[in-house]
Amino acid sequence: MLTRGLVRKMSFGQEFYWIDDEGTLSSWIKDQKRCNYLAIDTEFERQRTYFPELQLIQVATPSSIALIDFLALSSAFQVGAAISKLGNN
C-alpha cells in the first residue's frame, strides 16, 4: 500500500495524496485496482505567460484523490499514460 505522499485521510474514508514524482504516481495508480470511473480537473497558470501552463492535475477515484504536481514530473506523456491505466490493473 502507498504511504509516501498521503496527505490526509478524511473521516468518511476518502484519502488525499500529493504526488510529485513518478514512483509515487505509479504506486498510486497500482492502488486503484477496482477503479470503474474517475474524475479529472486541471489547474493552469496564465498570469505571466501568453499560453496557459498546466500546474496541477486532480484525479478522483471512488476511493481516493490524487493531487498531481505536473511541474515536478518529468514527462507529460508519463502522466497521461499512467492515468490511462486506471481501472486496467
Side-chain angles (χ1 to χ4, degrees):
M1 174 162 193
L2 178 68
T3 55
R4 185 184 185 283
L6 179 64
V7 175
R8 76 189 323 181
K9 187 167 186 173
M10 303 303 286
S11 61
F12 53 88
Q14 193 78 343
E15 296 178 342
F16 290 77
Y17 292 90
W18 177 258
I19 298 176
D20 59 0
D21 63 68
E22 285 82 5
T24 307
L25 176 61
S26 179
S27 294
W28 183 79
I29 294 293
K30 288 178 185 174
D31 283 351
Q32 307 307 307
K33 290 183 176 129
R34 296 183 182 245
C35 172
N36 295 324
Y37 59 91
L38 60 102
I40 298 176
D41 184 33
T42 55
E43 303 297 332
F44 289 85
E45 161 81 52
R46 193 180 171 141
Q47 293 181 9
R48 295 176 290 246
T49 65
Y50 183 74
F51 295 104
E53 295 177 353
L54 182 57
Q55 304 283 312
L56 181 71
I57 303 171
Q58 301 160 79
V59 181
T61 68
S63 62
S64 72
I65 296 172
L67 305 173
I68 303 170
D69 182 354
F70 185 76
L71 296 178
L73 301 173
S74 61
S75 167
F77 178 77
Q78 286 178 317
V79 175
I83 292 172
S84 71
K85 291 179 184 177
L86 283 170
N88 297 321
N89 296 319

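- Taken from CG in Asp69 to CH2 in Trp18, the straight-line distance is 4.5 Å, to the nearest 0.5 Å.
- Within the hydrophobic cluster formed by Ile, Leu, Val, Met, Phe, Trp and Tyr side chains joined at under 4.5 Å, directly or through other members, Leu71 stands alone, with no partner residue.
- Cluster note: Phe51 groups with Tyr50 through ILVMFWY side-chain heavy atoms spaced under 4.5 Å, whether in direct contact or through intervening members.
- Ala82 and Ile29 get closest at one heavy-atom pair: O-CD1, 3.3 Å.
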Side-chain polar contacts of residues 53-62 - donor-acceptor pairs under 3.5 angstrom, sequence neighbours left out - could you list them?
{"residue": "Gln55", "atom": "NE2", "partner": "Glu53", "partner atom": "O", "Å": "3.4"}
{"residue": "Gln58", "atom": "NE2", "partner": "Asp41", "partner atom": "OD2", "Å": "3.1"}
{"residue": "Gln58", "atom": "NE2", "partner": "Glu43", "partner atom": "OE2", "Å": "3.0"}
{"residue": "Thr61", "atom": "OG1", "partner": "Gln32", "partner atom": "OE1", "Å": "2.7"}
{"residue": "Thr61", "atom": "OG1", "partner": "Ser63", "partner atom": "N", "Å": "3.4"}
{"residue": "Thr61", "atom": "OG1", "partner": "Ser64", "partner atom": "N", "Å": "3.2"}
{"residue": "Thr61", "atom": "OG1", "partner": "Ser64", "partner atom": "O", "Å": "3.2"}

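- No side-chain heavy atom of Tyr17 sits less than 4.5 Å from a side-chain heavy atom of Thr24.
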